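Take a look at the structure below.
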Amino acid sequence: MLRVAACAVAAAVTNVQAMAQHYQIYSISMQDLDSDAYGLNNAGQVVGYSRGYGGGGPDLAVLWEDGQLHVLGNASAVDINHLGHAVGRNSEFLAAMWEDGQQISLGTLPGYAKSQAAAINDLDQIVGEATEGSFGRTTAFLWEDGIFTDLGALGGADSIALDINEHSQVVGQADTAGGFEHAYIWADGMMTDLGVLEDHLTSMAVSINKHGVIVGYSADNSTTAPCIWDQREIAELPRLGGDAWTRPAAINDVGVIVGTASSNELGERAVMWRDGQVIDLNQYVLGTGWVLQSANDINNRGWIVGLGRREGRREGYVLIPDPSLEVGSLISGQPVDVQITGGTPVAPVFLAYGTSGFGLTYIPPLGVELQLHRPRLAARGRTDEQGDIMWTLNVPPGTSGARVLFQGAQQGKTTGVVTRTIE
């Protein structure tokens, strides 16, 4: 019924009726060790740390890549850029960076005893905090090419830096002259107070994307509210019902946010904000034995990392979305653009279609089950390095009114089903 034409840019998608997003979950932990996953890049490299079961023993910085876990040393790692350079803190409580598996101590600001790196951008600029003595004053820093820059505060004493984007914009929290802790953005050598929600006292900015959109939280004496700053204007994000507090942790470049919500009834839960809605991520791991307690980072491919529990153990996790399918409007006698995104990079991919409704059809060579009755092959190809592929299909003339169901498939994974009626 459908014939493949040339590859083309996908058209805008309208009237999509797709099945719910599906995810695969993987453990970021070593045997008999508690763990946590903190940061990841767009290539799918994940960093975090493991420690002795129950919290005993030294921290071990770890890197997860292509299903393999590598120990970076006695340290903790919290972020990684597209070059594969990771940052965190070493066993001497000093900010550290890893290049090609080799640890480099960054030292600390003059006059300070300790330091901790919190984030690294793709320019190898690193931000974090330096501490006087064991529990003394803290100050936010920017490290670049071996040079520390003290970012100061908002008229008070203390500050911390938590994230930096590719425009060298830094966000975090700093003391004001009035003694309150406020979210800030630092850019072009100047720190600007981002303020708080109405009637609140404190705020913190935790993540900034390449567009300058910032997420964090604002708090009063009784509650903590998730918030977003767009064009430096603050707005509150939605919360799950019954939450005592909710805190974002990261925002990606397409505006999807992840974080943690806590309620007296359910405890801490990993959450995601997408398309104006807040979602409990545990709905995607039902029946797996996992309870996702926090979401710490998200990349532009929609991969999410955080902390979960499974069989009584604390384990870091990476949540990887199955590929997504987008199909333009079907018009009799006209071409239609079809796109699969988020698949396995540089791997065979197939597009199936059916006209007799939903069903269950097992495809042995791929090890997957399609949700189509009597599926037929519409197109095939190989994904690019990002895991994406686009086709143009020719819709035969004289087919108006027919309903067509589409589903993509790769080895071990499928997209959701998209339904179209030919106009």
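Owing to the predicted nature of the structure, the values given are computational and were not obtained by experimental measurement.
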Q. Quick one: are Ile363 and Thr414 in side-chain contact, heavy atoms under 4.5 Å?
A. no

**Q.** Atom pair CG (Leu106) and CG (Leu94), whose distance is rounded to the nearest 0.5 Å
**A.** 8.5 Å

Q: Grab the two heavy atoms, one from Ala161 and one from Ala118, that are nearest each other, plus how far apart they are.
A: O-CB, 3.5 Å

(Q) Keeping Gln169 on the side-chain end and Ile208 on the backbone end, is there a donor-acceptor pair under 3.5 Å? (A) no

Q) Is there a donor-acceptor pair closer than 3.5 Å between any side-chain N or O of Gln407 and the backbone N or O of Thr415? A) yes

Q: Show the numbers, then the answer: is there a side-chain hydrogen bond (donor to acceptor under 3.5 Å, both in side chains) between Ser263 and Asp243?
A: CA-CA 4 Å; Ser263 70; Asp243 285 349; 4.6 Å; no

Q) Angle class for the Tyr26/Trp64 ring planes (parallel below 30°, perpendicular above 60°, tilted otherwise)? A) tilted

Q.
So, taking the atom named OG in Ser159 and the one named CD in Gln173, what distance separates them when rounded to the nearest 0.5 Å?
A. 9.5 Å

Q.
Show the nearest heavy-atom pair for residues Ser35 and Ser50, with the distance to one decimal.
A. CB-OG, 3.4 Å

Q.
Atom CD of residue position Glu92 - does it have more than 12 heavy atoms of other residues, nucleotides or ligands inside 6.0 Å?
A. no

(Q) Under the rule for salt bridge (Lys or Arg N to Asp or Glu O under 4.0 Å), what residues qualify as partners of Asp253, not counting sequence neighbours? (A) none

Q.
If I take atom CD from residue Glu233 and atom CG from residue Leu194, how far apart are they, to the nearest 0.5 angstrom?
A. 10.0 Å

Q. Would you say Asn209's side chain and Val254's backbone share a donor-acceptor pair under 3.5 angstrom?
A. no

Q: Heavy atoms only: give me the nearest Ala77-Val47 pair and the separation to one decimal.
A: CB-CB, 3.8 Å

Q | Minimum side-chain heavy-atom gap Gln293-Thr260 below 4.5 Å | A | no

**Q.** Leu237/Tyr217 under side chain to side chain contact (heavy atoms under 4.5 Å, CB included): CA gap, chis, key distance, verdict
**A.** CA-CA 9 Å; Leu237 292 168; Tyr217 59 86; over 6 Å; no

Q.
Go through it in stages, so that I can follow the logic: the residues are Leu142 and Gln125, the test is side chain to side chain contact (heavy atoms under 4.5 Å, CB included), and I'd like the CA-CA distance, side-chain angles, deciding distance and then a yes or no.
A. CA-CA 7 Å; Leu142 167 66; Gln125 296 174 312; 4.0 Å; yes

(Q) Donor-acceptor check, side chain of His85 to backbone of Glu99, threshold 3.5 angstrom: yes or no? (A) no

Q. About how many Å separate CG of Leu307 and OG of Ser294, when rounded to the nearest 0.5 Å?
A. 4.5 Å

Q.
Nearest 0.5 Å, please: how far is CD1 in Ile340 from OG in Ser324?
A. 8.5 Å

Q.
Testing the 3.5 Å rule here: is there a donor-acceptor pair between the side chains of Arg239 and Thr223?
A. yes

Q.
Please determine whether side chain to side chain contact (heavy atoms under 4.5 Å, CB included) holds for the pair Asn74 and Leu60, giving the CA-CA distance in whole Å, both sets of side-chain angles, and the decisive distance to 0.1 Å.
A. CA-CA 5 Å; Asn74 289 350; Leu60 296 175; 2.9 Å; yes

Q. Are Trp229 and Ile234 side-chain neighbours, meaning at least one heavy-atom pair lies under 4.5 Å?
A. yes

Q. Taking the side chain from Glu166 and the backbone from Asp122, do they hold a donor-acceptor pair closer than 3.5 Å?
A. yes

Q. Which pair of heavy atoms, one from Pro321 and one from Arg301, lies closest together, and at what distance?
A. CG-O, 3.6 Å

Q.
Keeping Gln411 on the side-chain end and Leu366 on the backbone end, is there a donor-acceptor pair under 3.5 Å?
A. yes

Q) With no hydrogens and no angle check, is any side-chain donor or acceptor of Thr383 less than 3.5 Å from a backbone partner on Ala347? A) yes

Q) Ser207 pairs by side-chain contact (heavy atoms from CB on, under 4.5 Å) with which of Asp297, Ile214, Asp163, Val258? A) Asp163

Q: Report yes if some heavy atom in the side chain of Arg403 is under 4.5 Å from a heavy atom in the side chain of Thr421; otherwise report no.
A: yes

Q: For side chain to side chain contact (heavy atoms under 4.5 Å, CB included), just list the numbers for Val196 and Leu201, CA-CA rounded to whole Å, side-chain angles, deciding distance to a tenth of an Å, and then say yes or no.
A: CA-CA 7 Å; Val196 298; Leu201 302 173; over 6 Å; no

Q: Using atom types as modelled and distance alone, determine if a side-chain donor or acceptor of Ser115 lies under 3.5 Å from a backbone N or O of Ala95.
A: yes

Q. Which class fits the ring pair Phe148 and Trp143: parallel under 30°, tilted 30 to 60°, perpendicular over 60°?
A. perpendicular

Q. Measuring from Ser29:OG to Asp36:CG, what's the distance to the nearest 0.5 Å?
A. 11.0 Å

(Q) On a heavy-atom basis, which atom in Ala183 and which in Ser203 lie closest, and how many Å separate them? (A) N-OG, 2.8 Å

Q) How about Val215 and Val206: do any of their side-chain heavy atoms sit closer than 4.5 Å? A) yes

Q) Just wondering, do Trp98 and Ile80 contact through their side chains at under 4.5 Å, heavy atoms? A) no

Q | Closest approach of Leu393 to Ala378 (non-hydrogen atoms, all atoms of both residues) | A | CD2-O, 4.1 Å

Q. Does the side-chain hydrogen bond (donor to acceptor under 3.5 Å, both in side chains) test come out yes or no for Ser76 and Asp59, once each step is laid out?
A. CA-CA 6 Å; Ser76 59; Asp59 289 349; 4.7 Å; no

Q. Between Arg269 and Asn282, is there a donor-acceptor pair closer than 3.5 Å when you use the side chain of the first and the backbone of the second?
A. no

Q | Main-chain N/O of Gly342 paired to Asp388 side chain as donor or acceptor, under 3.5 Å | A | yes

Q: Would you mind reporting whether Trp273 and Thr246 have side-chain heavy atoms less than 4.5 Å apart?
A: yes

Q) Looking at side-chain heavy atoms only, is the closest gap between Glu385 and Val346 below 4.5 Å? A) yes

Q.
Tell me every residue that passes side-chain contact (heavy atoms from CB on, under 4.5 Å) with Val78, counting only those two or more places apart in sequence or in another chain.
A. Tyr38, Gln116

